[in-house]
There are 2 protein chains.
Amino acid sequence: MPIGQRARKRPKLSDLVVEDVKRWIVTERKQPGDRLPNEKELVELFGVSKSTMREGLKALEVRGLIKTRTGPAGGAYLQQVSLDHASEPLRNFLHFHHLDGHHIYQLRKILEPELAVSVVGRLDAKQLDLIEQTIRLCEQEPRNDIELRAQRVAELEFHNLLADKCPNALLAFMCRFLNDLLRDLMVYKNAWEHRHFGEANLGFHSKLLQAFRDENADAVHRLMTEHMVDAETHMHEMEVHVGVQQLLMPAGRRHA
Amino acid sequence: MPIGQRARKRPKLSDLVVEDVKRWIVTERKQPGDRLPNEKELVELFGVSKSTMREGLKALEVRGLIKTRTGPAGGAYLQQVSLDHASEPLRNFLHFHHLDGHHIYQLRKILEPELAVSVVGRLDAKQLDLIEQTIRLCEQEPRNDIELRAQRVAELEFHNLLADKCPNALLAFMCRFLNDLLRDLMVYKNAWEHRHFGEANLGFHSKLLQAFRDENADAVHRLMTEHMVDAETHMHEMEVHVGVQQLLMPAGRRHA
DNA sequence: TAGTATTTGTACGTATGTATA
DNA sequence: TTATACATACGTACAAATACT
């Protein structure tokens with residue numbers, strides 16, 4: 001070991017083979033949907049054992065870059081990295097940091113108006129209809145907890161539909177991520193009990209829909225900002241005693 | 001296969017064991033720094049084979065939740081999920097979407113002022129000194145490309161130092177992520193050739209430092225906004241022909 | 001419907017490398 | 001230096017899933 005020099009320890013073969021596979025994908029011009037060679041061929045191609053190769057494939061799978069299937073025509077298929085594969089690690093990261101409703105709305109108050117304005121004029125009739133449906137769902141008085149919960153989910157779906165049409169992929173990701181945090185927080189807190197919360201949202205969503213139809217960017221920005229400021233007050237009202245980070249780590253069956 | 005029901009295919013043992021380990025960590029109240037049982041014990045504890053166990057551990061390692069060491073007192077140690085472990089998957093995600101300088105600055109223009117205001121009054125003398133050093137580094141006329149590059153890195157370090165003190169972990173993450181994208185973009189484009197870019201930055205950074213010393217939140221917000229608007233124009237000037245997404249995927253030795 | 005071929009998934013045994021005392 | 005405790009790497013055998021005939 002050379003003195004005064006970082007003892008650069010040998011990286012694991014299973015990690016090296018991951019880089020090899022990535023390079024192979026690039027040089028072979030492979031696209032999402034394309035199939036990688038089968039395990040036997042990969043083992044020969046990269047000169048490692050089966051177990052090492054499988055650890056490498058598992059690493060690629062965890063990153064969301066491949067998906068494997070058994071049987072004939074099975075094997076490892078290239079995938080587009082999904083939203084979930086990008087969100088989960090960020091959740092894990094935040095699990096080790098303090099994060100509360102104030103932090104979420106500090107971001108939502110500036111990001112949602114920016115996103116909303118960016119989709120003005122980009123919503124076709126079909127999109128506007130879908131958005132209207134999320135509003136209609138919240139108009140009737142909920143008869144039980146199931147319906148109440150469905151209304152809360154629909155309210156967040158309103159915002160996700162806007163994100164679908166946002167041309168800025170990173171802005172869309174962030175807004176969706178915040179929506180997911182809020183949804184899980186509400187599920188955890190049984191926050192859908194709070195009825196007047198929904199009534200306030202309903203009014204803003206209706207006015208926003210009209211502003212989108214009118215393609216009135218100024219109105220959209222103003223309404224969405226008011227909507228977020230209002231939502232934050234409701235967030236505070238419901239006295240969040242449990243921190244957001246509590247629900248991040250276990251990564252259990254929240255999406256059931 | 002039941003009719004009218006999703007053919008829920010059996011999940012892999014290596015994925016199930018990951019959930020088992022996560023649960024074990026929670027129930028055993030394990031913290032970052034704590035050691036997991038060794039492979040042999042884990043195999044017995046979870047009733048799977050060695051290869052399955054290793055695939056599961058690899059999955060945890062990729063997620064940044066554990067780190068393994070060889071030798072006596074070696075094994076799997078719990079880790080806090082690092083910034084890099086949260087960033088990499090997001091980069092992979094964005095690789096499959098269009099993202100350009102305009103998108104980055106659309107976010108930076110609203111996030112950096114928000115972050116800057118949030119650290120007003122939270123910077124101690126040591127922090128202010130560090131910030132001042134990044135400015136000093138940019139005051140001398142660079143004598144070669146190395147120094148020129150160092151100045152560009154220092155300019156981004158100015159912003160990262162602010163993020164260090166931001167109480168909102170998610171806002172800090174986002175700003176740092178954008179800084180990293182810009183750094184890699186500049187490295188890729190040899191953009192540190194553009195000298196007047198640096199001169200403009202220097203002025204804003206100096207005025208911002210003074211505003212932080214004065215704890216003048218309004219001035220900080222105004223200056224940072226102007227700074228971002230100005231930086232975006234420089235970004236456009238340098239005619240980014242290559243998209244940001246080109247440099248995301250290979251994930252090579254960028255951090256060398 | 002059943003059978004067969006293909007391919008991943010799981011298990012196990014052994015050998016090698018590495019860090020600590 | 002040697003012993004020890006651990007991860008890392010390899011190879012084989014078999015089980016399970018799935019597409020095609």
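Letters A, B, ... mirror the listed sequences (proteins, then strands); counts begin at 1.
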(message) Let's see if you can work this out: which of C:dT10, C:dT20, D:dG11 has an atom nearest to the side-chain heavy atoms of B:Lys12?
(response) C:dT10
(request) Pick base, sugar-phosphate or nothing for B:Arg10, based on heavy-atom distances below 4.0 Å to the nucleic acid. (result) sugar-phosphate
(request) Measure from the side chain of B:Glu39, starting at C-beta and using heavy atoms only, and say which of C:dT6, D:dT8, C:dA11 lies closest. (result) D:dT8
(request) Using a cut-off of strictly less than 4.0 Å, decide whether B:Arg69 has a side-chain nitrogen or oxygen near OP1 or OP2 of D:dA7. (result) no
(message) What is the separation between atom CD on A:Glu44 and atom P on D:dC10, rounded to the nearest whole Å?
(response) 14 Å
(message) Can you work out whether B:Pro11 or B:Thr70 has the more 5'-proximal nearest nucleotide on DNA chain C?
(response) B:Pro11
(message) What's the closest nucleotide to the side chain of B:Pro72 if the choices are D:dT4, D:dA7, C:dT6?
(response) D:dT4
(request) Report the nucleotide, chosen from D:dC10, C:dG9, C:dG17, that has the shortest atom-to-atom distance to any side-chain atom of A:Thr52. (result) D:dC10
(message) Counting distance alone, no hydrogens or angles: does the base of D:dA7 have a donor or acceptor under 3.5 Å from a partner atom on the side chain of B:Thr68?
(response) no
(request) Mind jotting down which residue pairs meet the ring pair (Phe, Tyr, Trp, His ring centres under 6.0 Å) criterion with at least one end in residues 145-170 of chain B? Sequence neighbours excluded, please. (result) B:Phe158-B:His205, B:His159-B:His205, B:His159-B:His227
(message) Check B:Asp15 with A:Lys58, please: is the shortest side-chain N to carboxylate O separation under 4.0 Å?
(response) yes
(request) Measure distances between side-chain N and O atoms of A:Lys50 and base N and O atoms of C:dG9, and say whether any donor-acceptor pair falls under 3.5 Å. (result) yes
(message) Could you measure the distance from the NE2 atom of B:His85 to the CG atom of A:Asn92? Nearest 0.5 Å is fine.
(response) 10.5 Å
(message) Measuring only between side-chain heavy atoms, which start at C-beta, is A:Thr68 closer than 4.5 Å to A:Glu61?
(response) yes
(message) Measure CD/A:Glu55 against P/D:dC10 and give the value in whole Å, please.
(response) 10 Å
(message) Quick check on DNA chain D: between B:Gly71 and B:Ser51, whose nearest nucleotide comes earlier from the 5' end?
(response) B:Gly71
(request) Measure from the side chain of B:Ser14, starting at C-beta and using heavy atoms only, and say which of C:dT10, D:dA7, D:dA17 lies closest. (result) C:dT10
(request) May I have the distance from B:Lys40 (atom NZ) to D:dC6 (atom C1'), rounded to whole angstrom? (result) 12 Å
(request) To the nearest 0.5 angstrom, please state how far the CD1 atom of A:Ile104 sits from the CD atom of A:Gln106. (result) 11.5 Å
(request) Provide, to the nearest angstrom, the distance between the OH atom belonging to A:Tyr77 and the C1' atom belonging to D:dA19. (result) 11 Å
(request) For B:Leu42 and C:dC12, give me the distance from atom CG to atom P, rounded to whole Å. (result) 16 Å
(request) Calculate the interatomic distance between B:Glu61 atom CD and D:dT8 atom P; express it in whole Å. (result) 7 Å
(request) Give a yes/no on whether any side-chain N or O of B:Ser49 is located under 4.0 angstrom from OP1 or OP2 of C:dA11. (result) yes
(message) In this structure, how many angstroms lie between the P atom of D:dC6 and the CZ atom of B:Arg54, rounded?
(response) 15 Å
(message) So if I take every side-chain heavy atom of B:Leu13 and compare against D:dC6, C:dA11, D:dC10, which nucleotide ends up nearest?
(response) C:dA11
(message) Under 4.0 Å between a side-chain nitrogen and a carboxylate oxygen: does that hold for A:Arg23 and A:Asp20?
(response) yes
(request) Go through D:dT18, D:dG11, C:dG17 for me and flag the one nearest to the B:Lys9 side chain. (result) D:dT18
(request) Round to a whole Å and report the spacing from NZ of A:Lys58 to C1' of C:dT8. (result) 11 Å
